[in-house]
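Note that the numbering runs from 1 along the sequence shown for the chain. Indexing begins at 1, ligand by ligand and atom by atom, following the structure's order. Predicted model, so just to flag it, every value in this text is computed and none were measured.
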Amino acid sequence: MKPRILVTREVFDETLEFLGQHCEVESNQPDVAFDSEILARKLADRDGVMCALTDRIDGKLLEGCPKLKAVANIAVGYNNIDLAACTARGIMATNTPGVLDDSTADLAWALMLGAARRITELERRVRGGEWKGWRLKQWLGIDVHHATLGIFGMGRIGQAIARRAAGFEMKVLYHNRKRSAPDVERRCNAAYATKEDLLRQSDFVVLQVPYSPETHHLIGARELKLMKPTAILVNSTRGGVVDDAALIAALKDGTLRAAGLDVFENEPGLNPGFLQLDNVVLMPHIGSSTEATRRAMAMTAAKNLVAALTGGTPPNLLNPDAVGNRR
Ligand code: GLV
């Protein structure tokens with residue numbers, strides 16, 4: 001008998017076709033997000049689930065899923081999954097690293113350039129009929145080229161962001177829990193800095209750390225005050241890494257020049273304070289959202305799930321210890 005799986009959100013046809021070759025699939029092509037009650041009901045007798053960062057997979061949910069063997073997230077970040085709860089129950093959890101690095105790095109750069117040159121603000125002004133002609137001091141931005149870029153989180157995506165800085169002849173600083181290997185620093189042309197030095201020296205601060213209790217409000221009022229008043233903050237990783245209320249206050253009172261944000265606390269219900277500000281570029285969590293990358297992410301998750309449910313080791317297994325705990 002084929003394993004029975006639930007796919008919690010709409011996916012591409014080829015993903016469903018591949019899953020269907022190996023599993024009995026309940027899909028959700030209408031893409032109406034399941035609330036926790038519906039998700040619990042639908043998962044109660046399933047062997048596996050392919051889910052998204054909008055689904056909370058926690059101990060309470062898993063309690064009611066005695067048959068569940070695998071959870072495949074269609075995302076590289078997996079803060080929506082209680083990994084310890086999965087491991088304790090012998091449930092394999094997987095993510096989709098690698099395939100989205102370049103697209104997500106591109107979006108971080110779009111946010112940097114967009115905030116520096118006021119792209120979305122000025123487009124709004126053009127559309128609103130405010131452009132009456134050329135003026136020397138018109139809607140001045142700041143330069144990206146030759147500026148200092150500071151990156152928090154020098155994983156694959158952080159490195160891809162750093163490598164792009166070479167074309168802009170930028171100085172690159174980074175901060176990580178652990179200093180990167182010398183060859184990574186060389187390839188990225190990046191120098192290690194303490195958190196405080198990075199904040200004080202950078203013209204652009206880009207956040208690429210995963211969200212966890214340790215990185216909750218990594219950037220709050222204290223950190224924003226350490227930054228240059230001319231600096232730009234970019235968050236392309238997860239809401240909660242920045243204290244949004246503190247950021248809004250800093251953008252309002254001139255502590256910080258501008259920000260570019262793809263992620264927010266309490267998505268999609270972002271703090272209405274952002275909507276009053278011209279000096280912030282707001283994007284709806286689309287860091288990895290290109291046609292090719294989202295297709296690759298969905299297929300990566302599908303392959304992880306099928307491997308886990310057919311006796312293999314999923315290529316992107318997050319909790320190898322789960323294997324020994326299998327019921
Ligand atoms: C997207 O935010 C991801 O973690 O893949």
Side-chain angles (χ1 to χ4, degrees), residues 7-12 15 28 31 33 49-58 70-83 86 92-112 114 151-161 164 176-177 206-219 233-242 244 259-270 274 281-305 314-319:
V7 181
T8 65
R9 301 300 301 263
E10 183 181 15
V11 291
F12 299 96
T15 325
N28 179 15
D31 206 29
V49 60
M50 192 160 124
C51 61
L53 50 86
T54 49
D55 301 306
R56 262 224 77 66
I57 309 290
D58 56 19
V71 175
N73 216 26
I74 316 172
V76 66
Y78 51 89
N79 55 301
N80 58 310
I81 299 174
D82 183 338
L83 207 56
C86 286
M92 290 189 256
T94 65
N95 67 342
T96 63
V99 293
L100 46 67
D101 299 347
D102 285 315
S103 300
T104 307
D106 287 349
L107 196 271
W109 268 87
L111 292 171
M112 280 169 60
I151 302 171
F152 277 98
M154 204 55 154
R156 285 177 311 267
I157 300 171
Q159 290 175 37
I161 293 168
R164 284 157 173 72
N176 228 10
R177 261 178 321 179
V206 177
L207 305 174
Q208 206 51 66
V209 292
Y211 179 71
S212 70
E214 292 76 49
T215 59
H216 178 73
H217 288 185
L218 174 75
I219 303 295
L233 178 72
V234 167
N235 188 4
S236 49
T237 179
R238 277 289 182 278
V241 174
V242 175
D244 283 353
L261 307 173
D262 187 40
V263 289
F264 305 88
E265 293 186 286
N266 309 314
E267 288 173 20
L270 77 169
F274 283 124
V281 176
L282 304 170
M283 283 285 122
H285 201 150
I286 46 92
S288 61
S289 190
T290 68
E291 174 92 29
T293 294
R294 285 284 166 92
R295 281 185 192 276
M297 288 167 69
M299 197 52 99
T300 301
K303 286 181 178 166
N304 279 321
L305 189 56
N316 308 116
L317 182 59
L318 293 164
N319 56 346

A.B. asks: Atom CZ in R238, atom CD in E267: separation rounded to 0.5 Å?
C.D. replies: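 One gets 8.0 Å once the value is rounded to the nearest 0.5 Å.
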
A.B. asks: Does E265 reach the main-chain N or O of G239 with its side chain, forming a donor-acceptor pair under 3.5 Å?
C.D. replies: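 Checking the backbone N and O of G239 against the side chain of E265, no donor-acceptor pair under 3.5 Å is found.
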
A.B. asks: Do any nitrogen or oxygen atoms of ligand 1 lie under 3.5 Å from a protein nitrogen or oxygen, and which ones?
C.D. replies:
from: ligand 1; atom 1: 2 (O); to: R238; atom 2: NH1; distance (Å): 2.7
from: ligand 1; atom 1: 2 (O); to: H285; atom 2: NE2; distance (Å): 2.7
from: ligand 1; atom 1: 4 (O); to: V76; atom 2: N; distance (Å): 3.4
from: ligand 1; atom 1: 4 (O); to: G77; atom 2: N; distance (Å): 2.8
from: ligand 1; atom 1: 4 (O); to: R238; atom 2: NH1; distance (Å): 3.3
from: ligand 1; atom 1: 4 (O); to: R238; atom 2: NH2; distance (Å): 2.8
from: ligand 1; atom 1: 5 (O); to: V76; atom 2: N; distance (Å): 2.8

A.B. asks: Identify the heavy atoms of A52 and R9 that sit nearest to each other, and give their distance.
C.D. replies: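 Closest approach of A52 to R9, heavy atoms only: CB-CG, 3.8 Å.
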
A.B. asks: Can you measure from CD1 (I74) to CG (L305) and round to the nearest 0.5 angstrom?
C.D. replies: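 Rounded to the nearest 0.5 Å, the CD1-CG separation comes to 10.0 Å.
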
A.B. asks: Atom CZ in R294, atom OG in S103: separation rounded to 0.5 Å?
C.D. replies: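 Rounded to the nearest 0.5 Å, the CZ-OG separation comes to 9.5 Å.
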
A.B. asks: Is the backbone of I157 close enough, under 3.5 Å, to the side chain of Q208 for a donor and an acceptor to pair up by distance?
C.D. replies: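 No, the answer is negative, given that no donor and acceptor are paired below the 3.5 Å cut-off.
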
